[in-house]
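Order of listing sets the numbers, starting from 1, for every ligand and every atom in it. Just so you know, these numbers use all the heavy atoms, side chains as well, and skip hydrogens, waters and symmetry mates. Every value quoted in this text rests on a predicted model; they were computed, and no experiment measured them.
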Amino acid sequence: MENTVVIGAQWGDEGKAKITDLLAQNADIIIRYQGGCNAGHTVVNEDKTFKFHLIPSGILYKNKICFIGAGTVIYPEVLNEEIENLKKENIDLSGLKISPLASITMPYHIDIDGYSEDSAKGSAKIGTTKKGIGPTYTDKVSRHGIKVQDLFDTDALAKKLDIILPLKNKELTLVYGLKPYSKEDIMDLCSKYAQIIKPYVCFEWQKLFHDAIKQNKKVLFEGAQGVMLDVDWGTYPYVTSSNPVAGGACTGSGFGPNMIKEVIGVSKAYITRVGEGPFATELKDATGDKIRNIGHEFGTTTGRPRRTGWFDAVVAKYGVLVSGLTSMAVTKLDVFDTFDEIKICTAYKDKRSGEILEYYPTNVNLHEFLEPVYETHAGWKTDITQAKTFEELPVNAQKYLQRLEELMGVRISVISVGADRHQTIFR
Ligand code: GDP
Ligand code: IMO
Ligand code: MG
């Protein structure tokens, strides 16, 4: 099988959905394998802009299976909203399938996430999306989670809640000073959630996957967030609670590593980050504002202004390593069209010793002592939004991309010069 994984190679919002949507044309199954409605994935088709949180970005095509995998966390209220919005747009949802093994975000997860964020001070603040992601994954790992399949077995669910809910209520009231939930309330909610998910739940996923492998179907894995937000590999603790790295595609979907041929990382031509945590190349000046304004860098899920900065090749190289990237897609190159010069961070310098670091320092406490080492490239001062081939790009844009390739140690296979489908150069 010649399957492809698309992942974010920075701190999220790299334009994964645009790339996924384009590659989905040639795929049979598109799988979201981690994360939840913290993700905000934008697809612009011929007539409209769509924003997905949970539903895979292949849903705009007919006759594709769009699968929400076991490694995801699902808040049924948001899922329902997304489904209803797509129905209003007459989007065919017959291919939408949901794993019975995915975890359910309960209202108390949202309460805890919101409280933890609002009450956190200083470095304790993560800047989460307050969508209950961390608390849902915490419960999954501590084996107190509710899975999709639990919603369809009322007796077993009631027994499970007898164990979970008293503990949860103790945590809610004693630790956080929040209101407890009655078993009746939660059972009622779960019955509502079951109704939302019922038309899509795929208890026959083993046959579906088995047949897909036998029939050599093409599977496209759509990552959410990005390498630097990975709970194991990112800037911990300023991360999400799942595995956006390529390895997550296997654990979160149920397909093995031997099914994957290509791993495409997606990077912007610069970098953005929402929420707290180290960001070496951040620009807190007029240049940063210019990138934010031209690139419309405001969160899809929360509307928060994104932090902006120059491309960090140390980060990119790190992503190539920990996700085995076979190529990179570079998006938003057009945002630099009016820039006189563009910088690339090639290494970090330890301000204390003068030591040059070429590999990403994974201990976030070190970052206050580091500064980026930059090289400067001349801009191209040309509108590139209609370029169709690499050769049509101005020489300075070509040089910029070639230098990125050199520094990252990986080929750039896709260049995006605008949000529309046709504003894409495949090499
Ligand atoms: P994702 O979370 O990685 O899927 O990315 P988001 O959808 O959160 O953010 C990417 C934003 O950039 C969206 O608004 C896209 O429509 C837009 N976009 C994607 N590629 C390009 C590009 O090449 N140029 C410009 N100007 N916008 C782009
Ligand atoms: P997509 O898929 C950008 C960030 C949050 C916060 C941290 C933890 O659109 O790229 P969480 O709510 O997950 O516990 O928040 O992760 N974050 C994202 N940043 N894009 C995303 O998704 C994100 N999902 C979470 O801002 O810093
Ligand atoms: Mg996004």
Side-chain angles (χ1 to χ4, degrees), residues 6-22 32 34-45 48-54 56-57 72-73 75 105 109-110 112-114 116-117 125-138 222-231 234-242 244 265-279 291 293-307 329-337 383-385 387 414-425:
V6 174
I7 61 159
Q10 300 170 331
W11 278 282
D13 301 326
E14 300 90 346
K16 298 175 291 292
K18 174 182 164 168
I19 305 300
T20 302
D21 164 73
L22 284 167
R32 266 285 306 271
Q34 45 73 230
C37 59
N38 48 350
H41 291 179
T42 317
V43 174
V44 183
N45 77 359
K48 245 193 110 62
T49 297
F50 293 85
K51 293 189 187 293
F52 305 115
H53 299 290
L54 280 158
S57 299
T72 62
V73 294
Y75 186 40
T105 294
H109 295 134
I110 309 263
I112 293 172
D113 197 6
S116 305
E117 273 302 306
K125 208 173 175 68
I126 308 287
T128 76
T129 57
K130 298 189 190 173
K131 303 292 179 191
I133 304 297
T136 311
Y137 277 115
T138 301
E222 179 184 17
Q225 290 81 52
V227 168
M228 303 311 285
L229 287 171
D230 188 282
V231 69
T235 45
Y236 192 87
Y238 305 101
V239 292
T240 190
S241 302
S242 67
V266 186
S267 286
K268 284 175 184 163
Y270 46 93
I271 296 205
T272 63
R273 173 165 207 171
V274 210
E276 306 305 314
F279 179 0
I291 294 176
N293 291 332
I294 298 178
H296 304 291
E297 296 298 354
F298 297 88
T300 310
T301 299
T302 57
R304 289 179 290 177
R306 293 173 182 151
R307 299 158 65 192
V330 173
T331 61
K332 299 196 125 176
L333 189 63
D334 54 295
V335 171
F336 282 147
D337 280 358
D383 181 342
I384 62 165
T385 55
V414 187
I415 301 152
S416 175
V417 293
D420 285 1
R421 282 173 171 167
H422 73 270
Q423 292 176 300
T424 316
I425 299 168

Notebook entry, point to check: Just by modelled atom types, is the His53 backbone N or O under 3.5 Å from a matching donor or acceptor in the His41 side chain?
Noted result: no
Item checked: Contact atoms of ligand 2, heavy-atom distance to His41 under 4.0 Å -> 1 (P), 2 (O), 9 (O)
Checklist line | Subset of ligand 2 atoms that lie under 4.0 Å from at least one heavy atom of Ala224 | finding: 2 (O)
Note to self: Under a 4.0 angstrom heavy-atom cut-off, which atoms of ligand 2 come close to Gly127?
What the structure shows: 5 (C), 6 (C), 26 (O), 27 (O)
Notebook entry, point to check: Of the choices Asp334, Thr20, Asp21, which has the non-hydrogen atom that lies closest to atom 24 (N) of ligand 1?
Noted result: Asp334
Check: Can you list the ligand 2 atoms lying under 4.0 Å from a non-hydrogen atom of Gly275?
Finding: 27 (O)
Note to self: I want to know if ligand 2 touches Gly134 in the polar sense, i.e. an N/O pair below 3.5 angstrom.
What the structure shows: no
Notebook entry, point to check: Tell me, which protein residue and heavy-atom name are nearest atom 20 (N) of ligand 2, and how many Å apart are they?
Noted result: Asp13 OD1, 3.1 Å
Note to self: Heavy-atom pairs closer than 4.0 Å: do any link ligand 2 to the side chain of Trp11, the backbone, both, or neither?
What the structure shows: backbone
Check: Do the ring planes of Phe279 and Trp11 sit parallel (below 30°), tilted (30 to 60°) or perpendicular (above 60°)?
Finding: tilted
Next item on the list: Name the option, out of Gln423, Lys16, Arg306, Lys332, that contains the heavy atom nearest to atom 17 (C) of ligand 1.
Entry: Lys332
Next item on the list: Please write down residue, atom name and distance for the protein heavy atom closest to atom 19 (C) of ligand 1.
Entry: Lys18 CD, 4.1 Å
Note to self: Is it the case that ligand 2 has an N or O less than 3.5 angstrom from some N or O of Glu14?
What the structure shows: no
Next item on the list: Would you mind checking which non-hydrogen protein atom is closest to atom 12 (O) of ligand 2, with the distance to 0.1 Å?
Entry: Thr129 OG1, 2.5 Å
Note to self: Out of all atoms in ligand 2, which are within 4.0 Å of some heavy atom of Lys16? Include the element for each.
What the structure shows: 1 (P), 2 (O), 10 (O)
Notebook entry, point to check: Under 2.8 Å from the Mg ion (ligand 3), which protein atoms of type N, O or S occur, listed by chain and number?
Noted result: Asp13 OD1, Gly40 O
Check: Of the protein's non-hydrogen atoms, which lies at the shortest distance from atom 15 (O) of ligand 2, and what is that distance?
Finding: Thr128 CA, 3.3 Å
Margin query: Looking only at protein heavy atoms, which one is nearest to atom 16 (O) of ligand 1, and what is the separation?
Written below: Ala419 CB, 3.5 Å
Checklist line | Worked verdict on Asn45 versus Arg421 for side-chain contact (heavy atoms from CB on, under 4.5 Å) | finding: CA-CA 6 Å; Asn45 77 359; Arg421 282 173 171 167; 3.5 Å; yes
Margin query: As a check for students: among Arg273, Gln225, Arg304, identify the option with a heavy atom nearest to atom 23 (C) of ligand 2.
Written below: Gln225
Check: In the protein, what heavy atom is nearest to atom 13 (O) of ligand 2, and what distance, to one decimal place, separates them?
Finding: Thr240 OG1, 2.6 Å
Checklist line | Shortest protein contact, atom 4 (O) of ligand 1 (heavy atom only) | finding: Ala17 N, 2.9 Å
Check: Is Gly418 in contact with ligand 1, taking contact as a heavy-atom separation below 4.0 Å?
Finding: yes
Item checked: Distance filter under 4.0 Å to Val417 heavy atoms, resulting ligand 1 atoms -> 23 (O)
Checklist line | Top protein contact for atom 9 (O) of ligand 1, by heavy-atom distance | finding: Asp13 O, 3.7 Å
Note to self: For Leu229, which part has a heavy atom under 4.0 Å from ligand 2: side chain, backbone, both, or neither?
What the structure shows: side chain
Item checked: Close-contact set for ligand 2 against Ile126 heavy atoms, below 4.0 Å -> 27 (O)
Next item on the list: Test Thr424 against Lys18 for side-chain contact (heavy atoms from CB on, under 4.5 Å), laying out the working first.
Entry: CA-CA 9 Å; Thr424 316; Lys18 174 182 164 168; 3.0 Å; yes
Margin query: side-chain contact (heavy atoms from CB on, under 4.5 Å) for Arg273 and Tyr238? Distances and angles first, verdict last.
Written below: CA-CA 11 Å; Arg273 173 165 207 171; Tyr238 305 101; 3.5 Å; yes
Margin query: Once you restrict to heavy atoms under 4.0 Å, what part of Lys131 touches ligand 2? Side chain, backbone, both or neither.
Written below: neither
Note to self: With a 4.5 Å cut-off on side-chain heavy atoms, are Ile126 and Pro237 touching?
What the structure shows: yes
Next item on the list: Return yes when Gly40 approaches ligand 2 closer than 4.0 angstrom through a heavy atom, no otherwise.
Entry: yes
Next item on the list: Tell me, please: is Gly226 in heavy-atom contact with ligand 2, that is, under 4.0 Å?
Entry: no
Note to self: Please list the nearest protein heavy atom to atom 15 (C) of ligand 1 with its residue and the distance rounded to 0.1 Å.
What the structure shows: Thr42 CB, 4.0 Å
Next item on the list: Could you tell me whether some N/O pair between Lys130 and ligand 2 is separated by less than 3.5 angstrom?
Entry: no
Notebook entry, point to check: Could a heavy atom of Arg306 be found less than 4.0 Å from some atom of ligand 2?
Noted result: no
Checklist line | Numbering as shown, the atoms of ligand 2 that approach Ala39 to under 4.0 Å (heavy-atom distance) | finding: 1 (P), 2 (O), 9 (O), 22 (O)
Notebook entry, point to check: atom 2 (O) of ligand 1: which of Gly40, Ala329, Ala269 has the nearest heavy atom?
Noted result: Gly40
Margin query: Under 4.0 Å, counting heavy atoms only: does Val239 come that close to any atom of ligand 2?
Written below: yes
Check: atom 27 (O) of ligand 2: which protein heavy atom is closest, and how many Å away?
Finding: Val274 O, 3.0 Å
Check: Which is closest to atom 23 (O) of ligand 1 in terms of heavy atoms, Gly226, Gly35, Ala224, Ser416?
Finding: Ser416
